[in-house]
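Below, read A as the first sequence line, B as the second, and so on, with proteins coming before strands; counting in each chain starts at 1.
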Amino acid sequence: MLDLKWVRAHPEQVREALRRRHQDETVLNELLAKDEAWRADLAAVEQLKAERNKASEQIARGRKQGEDVTAQIERMRQVSDQISALDGKVRQLESAVRDLLLAIPNIPHASVPEGRDDRDNVEVRRWGEPRTFEFTPLAHWDLGVQLGILDSERAAKVAGARFTFVKGWGARLQRALTNFMLDLHVKEHGYLEVLPPFLVNRESMIGTGQLPKFAEEMFKVEKQDLYLIPTAEVPVTNIHRDEILSTADLPLYYVGYSSCFRAEAGAYGRDTRGLIRMHQFEKVELVKFVLPQTSYDELEKLVNDAEAVLQRLELPYRVVCLSTGDLTFSSAKTYDLEVWMPSYGRYVEISSCSNFEDYQARRANIRYRPEGGGKLEFVHTLNGSGLAIGRTVAAVLENYQRADGTIQVPLALRPYMDGIEAFPPRGLQG
RNA sequence: GGAGGGGUGUCGUAACGGUAGCGAAGCAGUCUUGAAAACUGCCGGCCUUCGGGCCUUGCGGGUUCGAAUCCCGCCCCCUCCGCCA
């Protein structure tokens with residue numbers, strides 16, 4: 001969330017940010033009105049409390065000296081009643097202010113291009129050349145059935161639509177990709193590997209910004225009041241919730257592997273086939289906690305770390321800077337990595353790398369003491385997919401398919417697949 | 001799930017129901033050739049008309065003029081028992 005004091009002092013900048021995001025300004029107007037009412041009542045109730053504190057002291061002192069204090073106690077009883085009445089109102093206003101503040105998205109960074117939606121995103125660079133096929137390439141869902149490695153029909157029976165079984169060489173490929181990505185980030189990019197909880201509480205969801213605004217997109221376990229994580233970003237960023245980090249520890253780099261669960265309300269009818277849009281998918285997520293003055297350099301490095309995965313796999317991709325209209329709620333600036341997908345005939349999102357500045361840190365209360373002492377300050381948090389594994393499986397299948405229906409194994413993955421050059425290998429069964 | 005113990009500021013520890021004390025680390029200032037020591041302040045949050053005021057003892061209620069303290073509910077951690085991959 002934004003700093004309430006800052007919002008109060010710069011309402012026009014917030015209004016401008018909402019305009020750039022093409023979002024309704026009424027939240028802000030409501031916030032400013034409620035905030036003013038809250039502060040007025042707060043001043044009144046605090047005055048009464050000051051009176052009560054003074055009187056209590058007098059009562060204690062008077063009683064010690066054997067004076068009759070019953071009249072004072074009687075008067076204070078009335079003041080106390082006034083306090084509890086007004087206090088209730090103050091608390092109500094305070095939580096209304098907080099709810100409204102939680103509903104205001106982050107301020108886009110000055111370098112974020114203006115735009116209404118994804119059509120206005122700006123391509124930053126391209127890497128690799130989309131392959132030209134000497135035969136008609138198949139979509140990964142068709143390859144999956146042909147090779148017997150994807151089974152969405154039985155998954156529909158067992159779980160429902162938008163789930164799949166990955167089997168045999170497909171499962172093997174996915175496991176290889178997972179290990180390859182984790183090894184790359186741990187051994188070469190300096191991230192600490194974490195296997196996080198896949199269920200988190202409400203506070204964690206608020207901390208990273210999924211709640212309260214996006215409850216419909218989440219799976220919830222009603223009985224225990226827990227949520228299935230939509231990304232490892234949630235548990236991993238919340239590792240340091242309500243903590244004070246020391247400057248010497250920063251920056252902190254984590255890489256978390258998890259399954260991700262998304263209800264995706266409103267997405268029905270889009271990407272219904274294949275591995276692109278699922279209720280459950282696996283992802284390797286990069287999360288950083290950094291000093292504020294370094295966060296934009298760290299964002300560039302984060303994007304490079306995610307790009308390295310695609311480069312090693314020799315998959316053509318492009319980097320896109322999201323426009324103000326396409327930026328996610330908590331993000332100040334986001335780069336998407338889009339991989340070439342022959343079945344779509346275009347680039348498809350496979351990673352999203354964002355700088356949240358102090359927006360999540362303020363919500364999750366993650367602070368540090370600046371070098372040389374002084375006030376505690378909020379860290380900056382960043383995260384990015386490194387990468388979405390299901391979509392990477394799809395990209396490998398489609399980009400590495402051969403005329404005979406087999407899939408060539410990318411060089412970088414061979415150490416993870418017993419050195420085989422393609423699957424299914426000759427004379428071997430999956 | 002059951003029994004017992006615990007949760008206090010950056011950390012560690014106190015406080016017969018009378019309004020949160022002491023110690024340590026860090027930072028700034030004074031002193032010093034410099035450093036250490038010593039002293040003072042800061043080192044949680046909010047409001048403010050900048051005088052100050054309010055809040056903060058895991059969370060939420062209750063009793064009371066007044067709650068870290070007493071009562072009720074919940075959460076988390078530790079120990080033991082039970083169950084379990």
Side-chain angles (χ1 to χ4, degrees), chain A residues 1-9 31-102 195-207 211 221-227 235 238-250 252 259 289 291 358 361-379:
Chain A
M1 71 187 142
L2 302 174
D3 180 5
L4 180 57
K5 278 189 268 189
W6 187 86
V7 173
R8 211 177 272 149
L31 173 71
L32 293 171
K34 282 263 159 64
D35 177 55
E36 210 173 315
W38 167 62
R39 282 184 295 159
D41 284 353
L42 183 66
V45 79
E46 282 189 356
Q47 206 174 332
L48 287 173
K49 283 179 179 176
E51 196 183 324
R52 178 181 66 183
N53 288 345
K54 208 175 282 177
S56 285
E57 217 174 312
Q58 281 173 12
I59 289 168
R61 206 181 309 122
R63 178 168 282 175
K64 218 173 264 175
Q65 293 170 0
E67 293 169 18
D68 180 20
V69 291
T70 50
Q72 279 194 75
I73 288 176
E74 187 48 44
R75 197 164 58 78
M76 279 306 106
R77 194 170 281 150
Q78 284 171 23
V79 172
S80 267
D81 286 347
Q82 281 179 50
I83 288 173
S84 48
L86 197 52
D87 226 9
K89 202 173 152 200
V90 168
R91 286 168 76 158
Q92 212 172 341
L93 280 167
E94 190 174 16
S95 84
V97 167
R98 182 176 164 82
D99 287 350
L100 287 163
L101 198 57
L102 287 175
L195 185 62
F198 291 5
L199 292 165
V200 298
N201 57 30
R202 191 184 164 73
E203 290 70 43
S204 296
M205 284 295 201
I206 290 173
L211 287 179
V221 181
E222 284 295 339
K223 201 175 155 220
Q224 276 83 4
D225 203 31
L226 292 170
Y227 296 82
N238 279 282
I239 285 176
H240 294 297
R241 176 150 52 83
D242 292 323
E243 286 186 16
I244 290 155
L245 305 171
S246 93
T247 308
D249 293 338
L250 298 171
L252 285 168
S259 292
F289 300 83
L291 295 170
D358 64 5
R362 185 172 285 108
R363 289 172 84 113
N365 195 30
I366 307 168
R367 295 173 295 172
Y368 75 100
R369 191 179 302 284
E371 198 94 279
K375 285 254 172 202
L376 299 175
E377 285 177 21
F378 293 107
V379 300

Chemist: So does A/Arg91 pair up with A/Glu94, basic N to acidic O under 4.0 Å?
Modeler: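 Salt bridge: no.
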Chemist: Any heavy-atom pair between the side chains of A/Asp242 and A/Glu203 that's under 4.5 Å?
Modeler: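 Of all side-chain heavy-atom pairs linking A/Asp242 with A/Glu203, none is under 4.5 Å.
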Chemist: Take the protein atom CZ of A/Arg75 and the nucleotide atom C1' of B/C65, then report the distance between them rounded to whole Å.
Modeler: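 The answer, rounded to whole Å, is 11 Å.
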Chemist: Output the pairing pattern of RNA chain B as a dot-bracket string, 5' first, Watson-Crick or G-U wobble with both distances under 3.5 Å, | for cross-strand pairs, [ ] for crossing pairs.
Modeler: (((((((..((((....[..)))).(((((.......))))).((((....))))..(((((..]....))))))))))))....
Chemist: Round to the nearest Å and state the distance from A/Gln78 atom CD to B/U64 atom C1'.
Modeler: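 From A/Gln78 CD to B/U64 C1': 16 Å.
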Chemist: Taking B/A67 as the reference, what is the distance to B/G61 when you measure between their P atoms (whole Å, please)?
Modeler: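 Roughly 14 Å separates the two P atoms.
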Chemist: What's the gap between B/U64 and B/C71 when it is taken at their P atoms, as a whole Å value?
Modeler: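 Comparing P positions in B/U64 and B/C71 gives a spacing of 16 Å.
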Chemist: Report the residue from A/Leu102, A/Asn238, A/Leu101 that forms a side chain to side chain contact (heavy atoms under 4.5 Å, CB included) with A/Arg363.
Modeler: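 Of all the options given, the one that passes is A/Leu102.
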Chemist: How close or far is atom P of B/U48 from atom CD of A/Glu36, stated in whole angstroms?
Modeler: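 So the two atoms are 10 Å apart, to the nearest Å.
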Chemist: Please determine which of A/Leu48, A/Val45, A/Leu42 meets the side chain to side chain contact (heavy atoms under 4.5 Å, CB included) test together with A/Asp87.
Modeler: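 Single side chain to side chain contact (heavy atoms under 4.5 Å, CB included) partner of A/Asp87 among A/Leu48, A/Val45, A/Leu42: A/Val45.
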Chemist: Can you tell me whether the base of B/G51 sits syn or anti, using the 90° cut around 0 to define syn?
Modeler: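 Glycosidic conformation of B/G51: syn.
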Chemist: Taking the side chain of A/Arg52 as its heavy atoms from C-beta onward, which of B/C55, B/C47, B/C43 lies nearest to it?
Modeler: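 The answer is B/C55.
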Chemist: Rounded to whole Å, please give me the gap between CZ in A/Phe378 and P in B/G44.
Modeler: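 Whole-Å distance recorded here is 12 Å.
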Chemist: Would you measure the distance from the C1' atom in B/U69 across to the matching atom in B/A15 and give it in whole Å?
Modeler: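 About 9 Å, rounded to a whole number of Å.
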Chemist: Return whichever of A/Gln72 or A/Ala43 has its heavy-atom-nearest nucleotide of RNA chain B closer to the 5' end.
Modeler: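 The residue closer to the strand's 5' end, by nearest nucleotide, is A/Ala43.
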Chemist: Heavy-atom distance under 4.5 Å between the side chains of A/Arg8 and A/Arg39, does that happen here?
Modeler: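 With C-beta onward as the side chain, the pair touches.
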Chemist: Which value, in whole Å, describes the distance between the C1' atoms of nucleotides B/G60 and B/C76?
Modeler: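 My reading of the C1' atoms in B/G60 and B/C76 gives 15 Å.
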Chemist: Can you list the steps and then say if A/Val90 with A/Trp38 is a side-chain contact (heavy atoms from CB on, under 4.5 Å)?
Modeler: CA-CA 6 Å; A/Val90 168; A/Trp38 167 62; 3.7 Å; yes
Chemist: Please state the P separation for the pair B/A20 and B/A24 - nearest whole angstrom.
Modeler: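 My reading of the P atoms in B/A20 and B/A24 gives 22 Å.
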Chemist: Between A/Val45 and A/Leu42, which has a closest nucleotide on RNA chain B that is more 5'?
Modeler: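 Taking each residue's closest nucleotide, the earlier one in sequence belongs to A/Leu42.
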Chemist: Quick check: do A/Phe378 and A/Asn365 have side-chain heavy atoms less than 4.5 Å from each other?
Modeler: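 A/Phe378 reaches A/Asn365 side chain to side chain.
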Chemist: From the options B/C46, B/C65, B/G45, select the nucleotide whose nearest atom is closest to the side chain of A/Trp38.
Modeler: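 Of the candidates, B/C46 comes closest.
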Chemist: To the side chain of A/Arg367, which of B/G53, B/U48, B/G45 is closest?
Modeler: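 Between B/G53, B/U48, B/G45, the one nearest the side chain of A/Arg367 would be B/G45.
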Chemist: Just how far, in rounded Å, is P of B/G45 from CZ of A/Arg98?
Modeler: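 To the nearest whole Å, that distance equals 15 Å.
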Chemist: If you check the A/Lys5 side chain, which of B/C54, B/G44, B/C46 turns out closest?
Modeler: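 The closest nucleotide is B/C46.
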Chemist: Any side-chain N or O of A/Arg39 under 4.0 Å from OP1/OP2 of B/C46?
Modeler: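 Checking A/Arg39 against B/C46: no side-chain N or O falls below 4.0 Å of OP1 or OP2.
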Chemist: Specify the separation, in whole Å, of atom CZ of A/Arg241 and atom P of B/C59.
Modeler: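 To the nearest whole Å, that distance equals 14 Å.
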Chemist: At 4.0 Å (heavy atoms only), tell me whether A/Arg91 reaches a base, stays on the sugar-phosphate, or touches nothing.
Modeler: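 Since only primed, P, OP1 and OP2 atoms lie under 4.0 Å of A/Arg91, the category is sugar-phosphate.
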Chemist: What integer number of Å spans the P atoms of B/C80 and B/U10?
Modeler: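 So the two P atoms sit 32 Å from each other.
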Chemist: Using the P atom as the reference point in each nucleotide, state the distance between B/G18 and B/G29 in Å, no decimals.
Modeler: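 Per the computed distance, 41 Å lies between those P atoms.
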Chemist: Would you find a donor on one side and an acceptor on the other, under 3.5 Å apart, between the side chain of A/Arg241 and the backbone of A/Ala364?
Modeler: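 No; zero donor-acceptor contacts below 3.5 Å.
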Chemist: Take atom C1' in B/U57 and the same atom in B/C70, then report the distance between them in whole Å.
Modeler: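 Taking atom C1' in both B/U57 and B/C70, they lie 16 Å apart.
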Chemist: Give A/Ile59 one of three labels, base, sugar-phosphate or nothing, depending on what nucleic acid heavy atoms sit under 4.0 Å from its own.
Modeler: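 Base, at least one base atom sits under 4.0 Å.
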Chemist: Among B/U48, B/C54, B/U10, which nucleotide sits nearest the side chain of A/Asn53?
Modeler: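 Nearest listed nucleotide: B/C54.
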Chemist: Taking the minimum atom-to-atom distance to the side chain of A/Ser80, which one of B/C65, B/G44, B/C54 wins?
Modeler: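 Comparing B/C65, B/G44, B/C54 against the side chain of A/Ser80, the answer is B/C65.
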Chemist: Would you say A/Leu291 and A/Tyr368 make side-chain contact, with heavy atoms under 4.5 Å?
Modeler: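 Result yes, sub-4.5 Å side-chain heavy-atom pair found.
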Chemist: Measure the distance from CD on A/Glu94 to P on B/G45 and round it to the nearest whole Å.
Modeler: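 After rounding, the gap between these two atoms is 15 Å.
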Chemist: Scan A/Asp99, A/Leu2, A/Val7 and name whichever one has a side chain to side chain contact (heavy atoms under 4.5 Å, CB included) with A/Leu31.
Modeler: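 Of all the options given, the one that passes is A/Val7.
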Chemist: Using a 4.0 Å heavy-atom cut-off across all strands, classify A/Leu376 as base, sugar-phosphate, or nothing.
Modeler: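 Sugar-phosphate, backbone atoms only, no base.
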Chemist: What nucleic acid atoms does A/Ala50 come within less than 4.0 Å of, heavy atoms only: base, sugar-phosphate, or nothing?
Modeler: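 If one applies the 4.0 Å heavy-atom cut-off, A/Ala50 turns out to touch the sugar-phosphate alone, with no base involved.
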Chemist: Could you state the CD1-C1' distance from A/Ile244 to B/G44, rounded to the nearest angstrom?
Modeler: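 After rounding, the reported distance stands at 8 Å.
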Chemist: Of all the nucleotides listed (B/C46, B/U10, B/C65), which has the minimum atom distance to the side chain of A/Ile73?
Modeler: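 Ranking B/C46, B/U10, B/C65 by closest atom to the A/Ile73 side chain puts B/C65 first.
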